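The block underneath contains the structure these notes are about, expressed in structure tokens.
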Amino acid sequence: MAEVPGATLSQGYRWRHIAFARRSLLILFVLGQTAVASYYLLWVLPYHGGTWLELGMTALFAILYAWIAVGFWTAVFGFVLRLTGGDRHGLLRRHNPEALAATPLAKTAILLPIYHEPVEWTLSGLKAVYRDIERTGRIEHFEFYILSDSRDPDVWLEEQRRWHELARELGAEGRLFYRRRPVNLNYKSGNVADFLRRWGRRCKYMVVLDADSLLSGDTVVRMVQLMEREPGVGILQTNPTIINGKSLFARVQQFANRFYSTLFSKGLAAIQMGDAAFWGHNAILRIEPFMKHCGLPKLGGFGIFGGPIMSHDFVEAAFMGRAGYEVWLETGFGNSFEESPPTLADELSRDNRWAKGNLQHLWVMFREPGLRFAHRMAFLNGVMAYLASPLWFGFLVLTTLEAARMTLAPIEYFPEGHQGPFPLWPEWRPDWALVLALSTFALLFLPKFLAILDAVLHRYTREFGGFLRLFASVLLEIVISILLAPVRMWAHSRYVVAALLNLSLSWSGQNRTEETTWRQALVTQFPGMLVGGCWSAFALSLDKLFFLWSLPVAIPLLVAAPTAVYLSRIGPGSVLKAWGLLRIPEEREPPLPLLDDARTFRSEPVCDSVWSPFEQAVLNPGLNRLHRALAKDHRRGPRSEKLMAAVDRCLEKGPSLMSRAELSGLARDSQSLADLHKGAWRAPERGYWGQCITRRSHEQVSRQDPVSG
């Protein structure tokens, strides 16, 4: 147990009692409602659970219904808390705003882990965060670290160039640092761990950002002050708002996140309290206990349950809780932002990675001792985010088998699994089936309308375009979510199977601009379209009512390709924005300085060079000196001969015929960079490097721009 002040411990005991009561109430509601719904399903089925097939259907239904009910009651909790003035047991409520604002700051590191991200776009966001913290007058308490895992030399050489320019532009020499790992181990968690081993003891706290994160200076300062006043808190997580959506898909996700999270995040924070989850970014962490207690072990199982942990954030929160520290989600901060994938294809590509990482949590959940119950439940909820899809798919399969048996096979009065001397008469209860269906729809959609009621009661409908536009936006979001649900079910089911088979995955930077082509959509969605068409045709051959029942799942699968293409388009998103639909407050009101800076910096024209970043590192004298200063001397032993041979080959034929690993080796070696610079400028005019210099000279003559150096 970590040593924390007695006052903090006594507060901790109080919130734990409150959290226990709230969680017990949630469990009571969820299990009670699930038991009633499962009972209804048993009486809806023809043999009332008298067969193994119907028992399997009921079991799957109960699991899925309970999971949906957790989300429903979380939103209801949030609605009730907002109706009664907020959660008076929240972390921020403990402190007077004036006393909090007067709290001195401690040294804090702002971390930006990146991997093959658009360089100019990503560092422009960090520049906006730096400027906003600078506006608070507290910049001297912060250090900024760009932590690169990029492998492509054209990417990381550009990162080094842009970092150097940014440090000079901001006057941040000695405050803004860049580090690239030569060996990429354990994904993002390994990247942060490498920082902690090198520089962790320089600062008391670290704020972790994603490549698309924006966090206002006032919010960062208040987070540090709250951590200073709460020494028992190990991780403090904000609730990020999705912004900058341009495609129709991104704007739908942005609206849903911004509008519905008002209830869901409030309810989630009230239930978790000091046992919250960590989402990996837009959070502040206390470095000393994090280094001491949150190192990630290698999983000791088989397949995906062996090797490094891929999804690290939930595990780190659980380990922090096990050490006696609190983890809080604080919704009262605001001004915390991120972006969403612009297309369905990009979201599913991300989910493919997350599915494997979340399933690994099953091993941690059952094999790690001493974890708190709330964190084990957070693991389970993360697993169900993907496992629910194959369970739903299995429920549909069992339902189809039941319909086929009732249609094609003779009635069995003594079915397998039935015990007793009397026959079991099959019967249907359509009225009960209707009640059950309405109950399920209420769980899914009632929280969305509760959010509308909350907006009316608290008078913020104007922030979303007014009541009518808000209501229309919710209806549009519901229609699109219905279209996407079966597509996600099919994709997630495949990802879970692939993860359990331990198929390899590739990690890459996120697409932020490209729309989905028809060819891409047809290739990726065709298997699901085929499944939906065959299943619907089979349902029609069995029974017309069963065919109608299958359509809400079959139709979205059949139109998955045009749905993916249309949702990826920026044009429809712009039209709806002009009509005032799917709008969020950050678009309607004058932007915060942070958002205004980010928009301005990212819209500034980029001076593209005819030289690639590697060619610039070789030919540009100033950049060559910079990259040589950041490189090391690797010419020792047998590596020396390989590097010299690679230099000769690069001077003779150019970098286009060399592998990425060879170019990285040259760019990491200071002597090789020096040799390449001298040799390239002495190269014959008709050679590769001579043509590069000629091409650059022609460009500068046309621009009347002298050679930089």
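Every value quoted in this text rests on a predicted model; they were computed, and no experiment measured them.
Between atom OH of residue Tyr386 and atom NZ of residue Lys356 there is a gap of 14.5 Å, rounded to the nearest 0.5 Å. Atom OG of Ser213 is separated from atom CG of Leu112 by 8.0 Å, given to the nearest 0.5 angstrom. The NZ atom of Lys266 sits 9.0 Å away from atom OG1 of Thr262, with the distance rounded to the nearest 0.5 Å. The CG atom of Asp597 lies 10.0 Å from the CG atom of Leu214; values are rounded to the nearest 0.5 Å. We find the CG-CG distance between Leu236 and Leu92 to be 7.5 Å, quoted to the nearest 0.5 Å. Note that OH of Tyr566 is 8.5 Å distant from CD1 of Ile480, once rounded to the nearest 0.5 Å.
Although no hydrogens or angles enter the test, the distance criterion places a donor-acceptor pair under 3.5 Å between the side chain of Ser150 and the main chain of His116. Not one N or O on the side chain of Asn335 forms a donor-acceptor pair closer than 3.5 Å with the backbone of Asp218. Side chain of Glu339 to main chain of Ile243: no donor-acceptor pair is present (N/O by atom type, distance under 3.5 Å, no hydrogens or angles). Remark: side-chain polar atoms of Lys188 are paired, donor with acceptor, to backbone N or O of Gly280 under 3.5 angstrom. A donor-acceptor contact shorter than 3.5 Å is absent between the side chain of Ser389 and the backbone of Ser493. The backbone N or O of Gln520 lies less than 3.5 Å from a partner atom in the side chain of Thr517, making a donor-acceptor pair. With hydrogens and angles disregarded, no donor-acceptor distance shorter than 3.5 Å links the side chain of Thr219 to the backbone of Leu215. Without hydrogens or angle criteria, Ser603 side chain to Thr600 main chain gives a donor-acceptor distance under 3.5 Å. Judged purely by atom type and a 3.5 angstrom limit, Glu117 has no side-chain atom pairing as donor or acceptor with the backbone of Val119. Between the side chain of Arg151 and the main chain of Tyr115, no donor-acceptor pair closer than 3.5 Å is present.
For Phe333, the CZ atom counts as densely surrounded, since its 6.0 Å shell holds more than 12 non-hydrogen atoms of other residues, nucleotides or ligands. Within a 6.0 Å sphere centred on NZ of Lys127, heavy atoms belonging to other residues, nucleotides or ligands number more than 12.
Side-chain N/O atoms of Tyr145 and Glu143 include a donor and acceptor closer than 3.5 Å. When only modelled atom types and interatomic distance are considered, Tyr495 and Asp351 share no side-chain donor-acceptor pair under 3.5 Å. With 3.5 Å as the limit, one finds no donor-acceptor pair spanning the side chains of Asp212 and Trp121. With hydrogens and angles left out, the side-chain atoms of Ser336 and Thr238 include a donor and acceptor closer than 3.5 Å. Side-chain N/O atoms of Tyr260 and Ser265 include no donor and acceptor closer than 3.5 Å. Defined by atom type and a distance below 3.5 Å, a donor-acceptor pair is present between the side-chain atoms of Tyr178 and Glu159. For the residue pair Asp346 / Thr343, a side-chain donor-acceptor distance below 3.5 Å is found, with atom types taken as modelled.
Between Thr563 and Leu344 the shortest side-chain heavy-atom distance does not fall below 4.5 Å. Looking at heavy atoms from C-beta onward, Ile146 lies in side-chain contact with Leu126 at the 4.5 angstrom threshold. Side-chain contact check for Trp163 versus Ser148: every heavy-atom pair is 4.5 Å or farther apart. Side-chain contact between Arg569 and Leu248: absent, with no pair of heavy atoms (C-beta onward) separated by less than 4.5 Å. Contact annotation: the side chain of Ser568 never approaches that of Phe249 to less than 4.5 Å [non-hydrogen atoms, C-beta and beyond]. For the pair Trp67 and Leu391, the minimum side-chain heavy-atom distance is 4.5 Å or more. You'll find the side chain of His361 reaches within 4.5 Å of the side chain of Phe314, heavy atoms only. Two residues are said to be in side-chain contact when any heavy atoms from C-beta on lie closer than 4.5 Å; Ser536 and Leu551 meet this criterion.
The two residues Ser189 and Glu316 make their nearest non-hydrogen contact at CB-OE2, 4.1 Å. The minimum heavy-atom distance linking Val487 with Gln525 is given by the pair CG1-OE1, 3.5 Å. Heavy atoms only, all atoms of each residue included: Ala270 and Met273 are closest at O-CG, 3.1 Å. Taking both residues in full, the closest heavy atoms of Gln253 and Ile242 are given as O-CD1, 4.2 Å, listed atom of the first, atom of the second, then distance. Closest approach of Ala277 and Trp279 over heavy atoms only: CB-NE1, 4.0 Å. Between Leu582 and Arg251, the shortest heavy-atom distance links the atoms O-NH2, 3.1 Å.
Ring centroid separation for the pair Phe255 and Phe259 comes in under the 6.0 Å cut-off. A distance below 6.0 Å separates the ring centres of Tyr130 and Phe144.
For Glu338, the salt bridge (charged side-chain N to carboxylate O under 4.0 Å, His left out) criterion is met by no residue, not counting sequence neighbours. Applying the side chain to side chain contact (heavy atoms under 4.5 Å, CB included) test to Phe449 and every residue at least two apart in sequence or in another chain returns Phe445, Ile452, Phe471, Leu475, Ile478.
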When you look at Leu476 and Leu576, which way does the side-chain contact (heavy atoms from CB on, under 4.5 Å) test go after all the steps? CA-CA 11 Å; Leu476 178 61; Leu576 292 176; 3.7 Å; yes
Apply the test side-chain contact (heavy atoms from CB on, under 4.5 Å) to residues Asn244 and Arg602: give CA-CA distance (whole Å), side-chain angles for both, the deciding distance (0.1 Å), then the verdict. CA-CA 12 Å; Asn244 293 337; Arg602 288 170 174 172; 3.9 Å; yes
Checking Arg469 against Leu581 for the side-chain contact (heavy atoms from CB on, under 4.5 Å) test, could you report, in this order, the C-alpha distance in whole Å, the side-chain angles of both residues, the deciding distance, and whether it holds? CA-CA 6 Å; Arg469 288 190 178 91; Leu581 297 178; 4.3 Å; yes
Tell me, with the steps shown, if Tyr460 and Asp454 meet side chain to side chain donor-acceptor pair (under 3.5 Å). CA-CA 9 Å; Tyr460 61 88; Asp454 180 80; 2.5 Å; yes
Where do Glu586 and Arg258 land on the salt bridge (charged side-chain N to carboxylate O under 4.0 Å, His left out) test, with the steps shown first? CA-CA 10 Å; Glu586 286 72 17; Arg258 182 64 174 87; 3.1 Å; yes
Pair Phe79-Leu457, side-chain contact (heavy atoms from CB on, under 4.5 Å): steps then yes or no: CA-CA 11 Å; Phe79 177 79; Leu457 293 175; 4.2 Å; yes
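Salt-bridge annotation for Arg162 and Glu120: present, with a side-chain N of the basic residue lying under 4.0 Å from a carboxylate O of the acidic one. By the 4.0 Å N-to-carboxylate-O rule, Arg168 lies too far from Glu165 to be salt-bridged with it.
The side-chain tip of Arg488 does not point at the ring of Trp490 from less than 6.0 angstrom away and within 45° of straight on.
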